[in-house]
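Here the structure is laid out as structure tokens; the discussion comes afterwards.
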Amino acid sequence: MNRPPHTPPALSVVIPLFHEGGHLRDVLKTICAALDALDAPYELVLVDDGSDDDTWSVVEETAAGRNDTRGIRLSRNFGKEAALCAGLEAARGQAVLVMDGDLQHPPSLIAEMWKLWKAGGVDVVEAVKVDRGREPLVNRLGSRLFYGFLSRFSGYDLDNSTDFKLMDRKVVEAWLRLGERNLFFRGMNAWLGFVRVQVPFEVAKRAAGASHWSLLRLVRLAITGVTAFSTTPLHIVTFTGGLFLLAALGLGLQTLFNKLAGRAVDGFTTVILLQLIIGSLLMISLGVIGTYIAKIYREVKGRPRFIVREQVGMEAESDETA
Ligand code: UDP
Ligand code: MG
């Protein structure tokens, strides 16, 4: 378990944490028990994503008690994707495992994932859900809709995929080279390619506390996911415009014909309806374009993806760079 601080570990385990203080000690105990059974040197990279509870003090306490734990505290809540990014940057292992800090990603699966990677020939071992667990109906419907939309538009089948993944070092390096600010770990990971195997698992119940994903946050992630992977919505705007042009030509000719034939239609209702339909269509199209512009705006500002407030257990690295 405890090894000299300078040797890079075989495995890094990255866990993003947001308000997990209450059950974190037990969660880490369970995860470490599974890791100890691997009989390989590992490190824990715990990222506190700006929690207001005692998450950070538990991380500090853990790091003080073991020399294989690094804690990173972000300056505020940047969201899970950014926290994962911070963890991946700090991880030094030959393989990096990413998992949640609420035991919804069962530690009992780690041994199997590790074995698959260790056997060689596989770069990413990804755990996929066979059952969406006890998710509320809205979430289930929402994710169906989102993944259906995403896989149609982007060509990546991400349905049932999770952030529970074991990645080879070269995959982590490749992921870190993707420079975007609009982070979507799962999708970006799928984009990388490499040799993948899937391991099915049933989503466990949350250790304690509540999920931090509000509907609004999920919708935002969905928009990031779609806009980061596909420009199809923009083409749909053009396509719809084309359809309306065709309809306009037909309707225009007919109206003109009627007018010339002295049968001008009584047009007030038609005009109002057309105004309303075209008006909303224009607004939606502008919104779609605006969404992409907002993403571009965020990217060109070039702000860092996260800010680190403090770190613990990083002595090994600072010694090396000194
Ligand atoms: N998480 C995070 N930052 C956030 C929200 C969540 O680091 O802003 C972490 C959280 O602590 C957990 C993981 O991401 O380890 C998954 O979060 P959660 O359980 O809330 O999501 P769900 O399981 O419902 O997808
Ligand atoms: Mg969870």
Side-chain angles (χ1 to χ4, degrees), residues 12-32 44-59 62 69-91 96-107 109-110 126-144 146-147 158-165 182-187 189 201-222 224-225 305-309:
S12 298
V13 181
V14 173
I15 310 178
L17 302 164
F18 184 55
H19 293 168
E20 308 281 8
H23 48 266
L24 189 54
R25 281 187 195 88
D26 295 335
V27 167
L28 290 177
K29 218 180 276 167
T30 317
I31 292 177
C32 286
L44 292 177
V45 181
L46 307 176
V47 185
D48 175 10
D49 188 14
S51 310
D52 294 324
D53 65 352
D54 59 342
T55 301
W56 181 246
S57 54
V58 180
V59 171
T62 314
T69 302
R70 317 158 129 235
I72 302 168
R73 186 183 201 181
L74 302 187
S75 62
R76 63 169 169 85
N77 180 234
F78 279 87
K80 180 182 180 184
E81 312 294 313
L84 278 179
C85 182
L88 289 177
E89 274 185 19
V96 179
L97 176 73
V98 170
M99 66 191 297
D100 283 1
D102 56 6
L103 291 185
Q104 282 196 292
H105 294 162
L109 213 64
I110 296 176
E126 33 192 14
V128 292
K129 306 184 231 207
V130 285
D131 172 18
R132 296 196 68 88
R134 287 151 179 265
E135 281 180 39
L137 189 69
V138 223
N139 286 22
R140 233 180 293 185
L141 279 180
S143 81
R144 278 248 153 258
F146 165 52
Y147 286 121
L158 293 175
D159 200 3
N160 294 330
S161 81
T162 65
D163 291 339
F164 191 14
K165 292 186 199 303
N182 296 296
L183 294 169
F184 180 47
F185 175 71
R186 251 171 273 182
N189 198 292
F201 79 103
E202 274 181 31
V203 181
K205 226 172 101 218
R206 218 174 192 289
S211 169
H212 309 295
W213 292 92
S214 62
L215 196 62
L216 187 71
R217 272 189 134 174
L218 280 173
V219 169
R220 240 191 298 172
L221 184 67
T224 302
R305 307 197 253 202
F306 55 85
I307 307 274
V308 175
R309 177 170 167 205

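Atoms within a ligand are numbered from 1 in the order they appear, just like the ligands themselves. One-based numbering along the sequence shown.
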Nearest protein heavy atom with distance in Å, relative to atom 20 (O) of ligand 1: H212 N, 2.7 Å

Proximal atoms of ligand 1 relative to D100 (non-hydrogen, under 4.0 Å): 13 (C), 15 (O), 16 (C), 23 (O)

Which atom of D100 lies closest to which atom of I31, heavy atoms considered: O-CD1, 4.5 Å

Closest protein heavy atom (residue, atom, distance) for atom 24 (O) of ligand 1: S211 OG, 2.6 Å

Geometric class of the F164/H105 ring pair [parallel <30°, tilted 30-60°, perpendicular >60°]: parallel

Atom 9 (C) of ligand 1 [closest protein heavy-atom partner, distance rounded to 0.1 Å]: P16 O, 3.7 Å

Protein contact of atom 1 (N) of ligand 1 - nearest heavy atom, named by residue and atom, plus distance: F18 CB, 3.7 Å

Donor-acceptor under 3.5 Å (D53 side chain, G21 main chain): yes

Shortest non-hydrogen separation from S161 to V128 and the atoms involved: CA-CG1, 4.3 Å

Per-atom contacts of ligand 1 with Q104, taking only distances under 4.0 Å to non-hydrogen atoms: 19 (O), 22 (P), 23 (O)

Donor-acceptor contact present, side-chain H19 to main-chain D52, <3.5 Å: yes

Count of N, O or S atoms belonging to protein, less than 2.8 Å from the Mg ion (ligand 2): 2

Nearest protein heavy atom with distance in Å, relative to atom 18 (P) of ligand 1: R206 NH2, 3.6 Å

Which of the ligand 1 atoms, numbered from 1, are nearer than 4.0 Å to a heavy atom of G79: 3 (N), 8 (O)

Which atom of C85 lies closest to which atom of R305, heavy atoms considered: SG-NE, 3.6 Å

E202 to V130 - nearest heavy-atom pair and separation: CG-CG2, 3.4 Å

A86: side chain to side chain contact (heavy atoms under 4.5 Å, CB included) partners, not counting sequence neighbours: V47, L74, F306

Which residues share a side chain to side chain contact (heavy atoms under 4.5 Å, CB included) with D54, sequence neighbours left out: S57, V58

Backbone or side-chain N or O of A83 under 3.5 Å from ligand 1 N or O: no

NZ/NE/NH1/NH2 to OD/OE distance under 4.0 Å, D49 and R76: no

Ligand-side contact atoms (ligand 1) for residue partner N77, heavy atom cut-off under 4.0 Å: 3 (N), 4 (C), 8 (O)

Atoms in ligand 1 with a heavy atom of G101 nearer than 4.0 Å: 12 (C), 15 (O)

Taking atom 19 (O) of ligand 1 as the reference point, the nearest protein heavy atom with its distance: D102 OD2, 2.6 Å

Closest heavy-atom pair and its distance - A90, V45: CB-CG1, 4.1 Å

Atom 14 (O) of ligand 1: nearest protein contact (heavy atom, Å): K80 CD, 3.3 Å

Atom indices of ligand 1 within 4.0 angstrom of E20 heavy atoms, with elements: 10 (C), 11 (O), 12 (C), 15 (O)

Partners meeting side chain to side chain contact (heavy atoms under 4.5 Å, CB included) with E81 (sequence neighbours left out): D163, L183, F184, F185, W213, L221

Options V27, L103, D49, L74, ranked by nearest heavy atom to atom 3 (N) of ligand 1, top entry: D49

R70 vs L44, side chain to side chain contact (heavy atoms under 4.5 Å, CB included): CA-CA, chis, key distance, verdict: CA-CA 6 Å; R70 317 158 129 235; L44 292 177; over 6 Å; no

Residue, atom name and distance, where the atom is the protein heavy atom closest to atom 25 (O) of ligand 1: W213 CD1, 3.6 Å

